Protein chains: 2
Amino acid sequence: MTLDEAKAKFIQTWGGLGAQWGINKTMAQLHALLFIASEPLSTEDIMDTLQISRGNVNMNVRELIDWGLVQRVNKTGERKDYYNAEKDVWKIAKLIVRERKKRELEPIIGVLDDLGKIEGDKESSDYIAFIDSMSRLKNFSETLNNSVDKMIKADENWLTGFFISMLKK
Amino acid sequence: MTLDEAKAKFIQTWGGLGAQWGINKTMAQLHALLFIASEPLSTEDIMDTLQISRGNVNMNVRELIDWGLVQRVNKTGERKDYYNAEKDVWKIAKLIVRERKKRELEPIIGVLDDLGKIEGDKESSDYIAFIDSMSRLKNFSETLNNSVDKMIKADENWLTGFFISMLKK
DNA sequence: CTTTGTTTTCAATCATTTTTGAAATATCAA
DNA sequence: TTGATATTTCAAAAATGATTGAAAACAAAG
């Protein structure tokens with residue numbers, strides 16, 4: 001396998017993985033491309049490499065910028081925009097986790113909270129079972145949320161350090 | 001909000017959340033329905049509640065069984081199959097993590113390993129940069145993989161206990 | 001201003017995924 | 001066996017999601 005083939009395979013694999021996690025395949029491929037690029041790339045560079053339209057590049061780059069995974073950079077004396085991705089794997093993980101927490105975990109906690117406060121016959125076993133389900137789920141979500149907060153603030157050794165501490169048990 | 005409205009809202013919310021994580025919306029709704037059901041449900045029960053076809057129920061129930069989240073149960077003297085979901089939130093989390101690890105994390109580690117062994121000019125900065133990216137990503141993936149292994153074996157207090165230990169720092 | 005190069009938007013199109021529903025298959029009881 | 005009930009399969013249809021591309025908006029330079 002040559003370097004170019006390897007790069008292509010990485011972009012493909014990353015795209016497929018993204019798709020399994022509810023991320024637009026093109027967005028994941030674009031992220032992979034920028035991740036392994038040693039220089040910031042222009043819209044044209046991306047269009048050529050991934051064989052996609054200008055509009056598609058624009059949409060997905062914007063989304064990656066929203067996630068904090070990509071920055072727009074300007075080369076002096078050039079009019080075009082160039083795009084550069086975060087290269088530190090640990091920082092990437094934190095950005096993704098932070099964003100999913102904000103977009104998904106926090107809202108679900110709000111919903112679970114509401115669902116725990118319904119009216120009804122408080123003696124009914126149906127009622128009790130439902131409230132109980134919601135409360136266990138909310139408890140789990142809050143613990144997860146708190147752990148994620150810590151993880152976001154922690155440094156790169158958190159996961160490794162944690163793994164080592166688990167090994168000792 | 002009445003109990004029935006709350007149940008419907010929970011099913012809807014859970015379905016939407018699943019969709020964002022690359023899980024078929026109907027599968028997530030079905031899981032939600034079985035999760036809050038106090039009794040195992042039949043195919044008809046599910047068809048009625050979620051307003052979906054028999055074939056759709058069958059497909060998604062099979063998938064949930066594959067994930068280990070649902071079991072088929074037989075009521076004595078009844079010919080129909082009934083379906084029952086795991087109710088313990090911690091066990092559910094472990095089943096999902098275990099499955100995604102097997103289906104996604106382990107394969108990507110294999111790919112990253114291959115991509116780290118390409119031929120080419122070992123002096124070229126392009127070559128070095130790519131190998132380095134793959135190696136950092138592989139290292140991260142393996143650490144994650146090891147942590148997930150521990151998590152799967154750990155008990156319900158792992159997350160809570162870990163959270164508390166982080167708080168002390 | 002006006003020109004030129006660049007980015008953004010978005011309705012229409014295309015591709016993929018999901019769902020249906022009826023036929024085929026399986027299972028049980030008489 | 002046979003008939004009755006239940007489950008599974010899968011091709012076709014429907015729904016959803018992604019992509020295009022050309023026009024509009026924007027921005028810098030002359």
Side-chain angles (χ1 to χ4, degrees), chain A residues 11-34 40-67 70-85 103-104, chain B residues 11-34 39-67 70-84 103-104:
Chain A
I11 289 167
Q12 281 307 114
T13 307
W14 205 242
L17 203 66
Q20 294 192 281
W21 284 79
I23 287 150
N24 179 317
K25 195 181 73 175
T26 301
M27 179 172 149
Q29 289 183 339
L30 187 22
H31 180 239
L33 172 61
L34 292 175
L41 302 181
S42 70
T43 299
E44 263 93 14
D45 295 333
I46 297 165
M47 287 168 69
D48 289 352
T49 312
L50 301 183
Q51 292 290 317
I52 58 176
S53 72
R54 185 175 298 282
N56 202 0
V57 172
N58 191 268
M59 270 189 65
N60 284 293
V61 155
R62 191 189 324 102
E63 186 77 9
L64 285 168
I65 292 173
D66 280 352
W67 281 71
V70 166
Q71 296 90 37
R72 209 182 288 268
V73 295
N74 288 297
K75 292 195 180 176
T76 44
E78 282 245 38
R79 235 162 112 180
K80 271 201 197 98
D81 284 347
Y82 286 79
Y83 304 102
N84 184 48
R103 294 180 192 202
E104 294 150 20
Chain B
I11 290 168
Q12 281 306 115
T13 306
W14 205 240
L17 204 64
Q20 293 192 282
W21 284 78
I23 288 149
N24 180 316
K25 193 182 74 174
T26 301
M27 179 172 148
Q29 288 182 341
L30 187 20
H31 180 239
L33 172 61
L34 292 174
E39 291 291 303
L41 302 182
S42 70
T43 299
E44 264 91 14
D45 294 335
I46 298 166
M47 286 169 69
D48 289 351
T49 314
L50 301 184
Q51 291 290 318
I52 57 176
S53 72
R54 184 175 299 281
N56 201 2
V57 172
N58 192 268
M59 271 189 65
N60 284 295
V61 156
R62 188 183 334 95
E63 186 78 9
L64 285 167
I65 292 173
D66 280 353
W67 280 71
V70 166
Q71 295 91 39
R72 206 182 290 269
V73 295
N74 289 297
K75 292 195 180 175
T76 45
E78 280 246 39
R79 212 139 136 211
K80 274 203 195 90
D81 285 347
Y82 287 79
Y83 305 103
N84 183 47
R103 294 180 192 202
E104 294 150 20

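Everything numeric in this text was worked out from a predicted model, so none of it was measured.
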* Out of B:M47, B:K80, B:E78, which residue meets the side chain to side chain contact (heavy atoms under 4.5 Å, CB included) rule with B:S42? -> B:K80
* Asked: Are a donor atom and an acceptor atom from the side chains of B:S53 and B:N56 found within less than 3.5 Å of each other?
  -> no
* To do: Summarise how protein sits on nucleotides 22-30 of chain C as a single string, 5' to 3': B when a protein heavy atom is under 4.0 Å from the base, S for sugar-phosphate-only contact, - for no contact.
  => -----BB--
* Please find the earliest and latest nucleotides of DNA chain D, in the 5' to 3' direction, that have an atom within less than 4.0 Å of any heavy atom of chain B. => D:dA4 to D:dT9
* To do: Quickly work out the B:M27 CE to C:dT19 C1' distance and round it to whole Å.
  => 16 Å
* Distance-minimising heavy-atom pair for A:V57 and A:L30 -> O-CD2, 4.2 Å
* Structure fact -> Sorted by chain and number, sequence neighbours left out, side chain to side chain donor-acceptor pair (under 3.5 Å) with A:N24 holds for none
* **Under the salt bridge (charged side-chain N to carboxylate O under 4.0 Å, His left out) test, residues paired with B:D48 that sit two or more places apart** => none
* Phosphate OP1/OP2 of C:dT7: any A:R62 side-chain N/O under 4.0 Å -> no
* Asked: Considering all heavy atoms of both residues, which atom of B:V70 and which atom of B:Y83 are nearest to each other, and what is their separation?
  -> CG1-CB, 4.0 Å
Residues 11-21 of chain B side chain polar contacts: donor-acceptor under 3.5 Å, at least two apart:
from  : atom 1 : to     : atom 2 : distance (Å)
B:Q12 : OE1    : B:Q29  : NE2    : 3.3
B:T13 : OG1    : B:K9   : O      : 2.7
B:W14 : NE1    : B:H31  : ND1    : 3.3
B:W21 : NE1    : A:E104 : OE1    : 2.6

* Enclosure of B:M27 CE (heavy-atom neighbours >12, cutoff 6.0 Å) -> yes
* To do: For the residue pair B:E44 and B:R54, establish whether any side-chain heavy-atom pair is separated by less than 4.5 Å.
  => yes
Nucleotide N/O to protein N/O under 3.5 Å, stretch nucleotides 12-18 of chain C:
none

* **Check: B:R72/B:Y82 side-chain N/O donor and acceptor closer than 3.5 Å** => no
